[in-house]
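I have placed the structure first, in the form of structure tokens, so that the comments after it can refer back to it.
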Amino acid sequence: MSWSKFNEYYLPIDELDFALDISRIDFSDGYLAEMEPRMQSAFSAMDALEAGSIANPDEGRMVGHYWLRNPQLAPNSELTRAIEDCLRQIKQITADVHAGIIAGGNGPFKNCLIIGIGGSALGPQFVADALGCPKHDKMRLFFFDNTDPDGMDRTLATLDGQLGQTLAIVISKSGGTPETRNGMLEAQAAYQAAGLEFPKHAIAITGEGSKLDKVAVSENWITRLPMWDWVGGRTSELAAVGLLPAALQGLDIDRILGGAAAMDTATRVHETAKNPAALLALMWYFATDGKGSKDMVVLPYKDRLMLFSKYLQQLVMESLGKETDLDGNCVYQGIAVYGNKGSTDQHAYVQQLREGVHNFFVTFIEVLKDRSGDSIEVEPGATSGDFLQGFYLGTRDALHENGRQSITITIRDVTPEAIGQLIALFERAVGLYASLINVNAYHQPGVEAGKKAATKVLDLERKIITFLRTKPKNPMTVSDIAQDLNLESYEELIFKLLNRLTVNNRGVNITQRSPITQSLFHSD
Ligand code: PA5
């Protein structure tokens, strides 16, 4: 790696305290020029998207997350007003909660219990962890982001005795996601068990007229905030989904929005070599042959950014992981994303990255500022932060010497602005890359299919329970049950369902375990 190549492909944006280094991706000298016509098409598609075109054709929707941090960009004044009103509402609710004007059954709210999943949880979790400080945060954030009963119990145990000062925020764009609905019902039951009225402790963030919206209206919840159909779940961090929790935690949401808006400006330019989102998209294209042939490992050397890889995993994989392209061709696209944090991961999977199967490229995130105060020396002339950077630089070089490519994003510090910038940078890189590979980045048919598949399984489970109840204390094999229900091709599924029911006090018991063909199940 030469100093001159670094100079050529290191893009500092001083006003953002940000830099992108693509010098350790081994593209040829002519690559950027060769790709330029396609980049220009991607820029045009992005311009049209920002101007309000139907950029999500399958769902017939506009894609407007860029307007959230610059409402004047919205294609009509009604949308501008809606975004501005929502922001005002978020600030008012926050002020009222912090002042104790909106309070719980047992006094001012101290905690938030956020109930949501996917795009309705990952952004708020990332931002809360990146910018929070337990000592200074105005409220503590807790999450139900799954339908795991034990997971919810653990969270509720932490909140034991505090629900009367815990504000529940139920977030679902569609308002019909089962995991979130279940979380809401479980929370409701917990509040009731504590002698508290759930509606007086609950806010909904959802699409107007959704099931959740109707519940919130009919039960007279504290308030509701909008989720618009032109903001996708995974790009909703800078809508009420992310802004309300962040504001309640005490984070400066104007600074987050400002950072995102500034990165939008920097990544709106049509000059590829000066546009970090365009360069990222191009590097992904080069490194993965434009078809996801390599995985993206995200390695921030900073604990605060640990959840960034999880957040990006959804943003990238749910957006790009598509079976068909925009012309209906079968393409099986995507880029797999995983990661955690450095240097910790050097003691986990980095061994394989350095020496094992070569199926990845790395995105390092380097944070220049070590901590807010001074550091002790842990060795003569060296601080813990020096070690952290040493591990990053050493790993980057060792990987490159072994033919493993990497990108480095450098930020000065983990500030609200920097977090807004990172979100905006990757949102746009994903959009531009989607144009390069001609897929719709803004729908998620696979997620919807997953929801439907679960419904079928639950219907079958209900059928089995009802059936067994008609024959109490009558031991039956899986095959007997399948036959009686005319579900012969579902024997494995029936076994799996029964196997779990027997350990959950659901009135189904097992008298003989093996061989499984002879296992006998009966109801009480
Ligand atoms: O990004 C997406 O669209 C999804 O991950 C959704 O956020 C997720 O499925 C949750 O959906 P909803 O917000 O409608 O409950």
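One-based numbering, in listed order, for ligands and for the atoms of each. Excluded from the calculations below are hydrogen atoms, water molecules and symmetry mates; all remaining heavy atoms, backbone and side chain alike, are included.
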Worksheet item: Between Tyr338 and Phe360, does a ring pair (Phe, Tyr, Trp, His ring centres under 6.0 Å) hold up when you go through it step by step?
Response: CA-CA 10 Å; Tyr338 65 93; Phe360 68 92; 8.0 Å; no
Practice prompt. Please identify which atoms of ligand 1 are closer than 4.0 Å to at least one heavy atom of Ile117.
Written response: 7 (O), 8 (C), 10 (C)
Worksheet item: Which one of Gln444, Lys451, Glu318 has a non-hydrogen atom at the shortest distance from atom 2 (C) of ligand 1?
Response: Glu318
Response to the item:
The atoms of ligand 1 lying under 4.0 Å from a heavy atom of Gly119, numbered in the order shown, are 5 (O), 6 (C), 7 (O)
Worksheet item: Taking the six-membered ring of Tyr66, is NZ or CZ of Arg428 closer than 6.0 Å to its centre and within 45° of its axis?
Response: yes
Worksheet item: Short list, please: which atoms of ligand 1 are under 4.0 Å from a heavy atom of Gly233?
Response: 1 (O), 2 (C), 3 (O), 7 (O)
Item to complete: For the residue pair Asn440 and His443, establish whether any side-chain heavy-atom pair is separated by less than 4.5 Å.
Response: yes
Worksheet item: For ligand 1, which atoms have a heavy atom of Val447 less than 4.0 angstrom away?
Response: 9 (O)
Worksheet item: Mind checking whether Phe126 and Tyr311 have parallel, tilted or perpendicular rings, split at 30° and 60°?
Response: parallel
Item to complete: Examine Thr180 against ligand 1 and note whether any of their N/O atoms are separated by less than 3.5 Å.
Response: no
Worksheet item: Taking only heavy atoms of Thr177, which atoms of ligand 1 are found under 4.0 Å from at least one of them?
Response: 11 (O), 12 (P), 14 (O), 15 (O)
Discussion item. Counting only heavy atoms not in Glu492 (residues, nucleotides, ligands), do more than 12 fall under 6.0 Å from its CD?
Written reply: no
Worksheet, complete the sentence: One finds that the ligand 1 atoms under 4.0 Å from a non-hydrogen atom of Ser172 are 12 (P), 13 (O), 14 (O), 15 (O)
Practice prompt. Report the nearest protein non-hydrogen atom to atom 5 (O) of ligand 1: residue, atom name, distance rounded to 0.1 Å.
Written response: Gln314 NE2, 2.6 Å
Fill in: Contact check, side chains of Tyr301 and Glu366, non-hydrogen atoms, under 4.5 Å
no
Discussion item. Tell me which one of Asn111, Thr94, Val97, Thr166 satisfies side-chain contact (heavy atoms from CB on, under 4.5 Å) with Met139.
Written reply: Val97
Worksheet item: Looking at ligand 1, does any of its N/O atoms fall within less than 3.5 Å of an N/O of Gly118?
Response: no
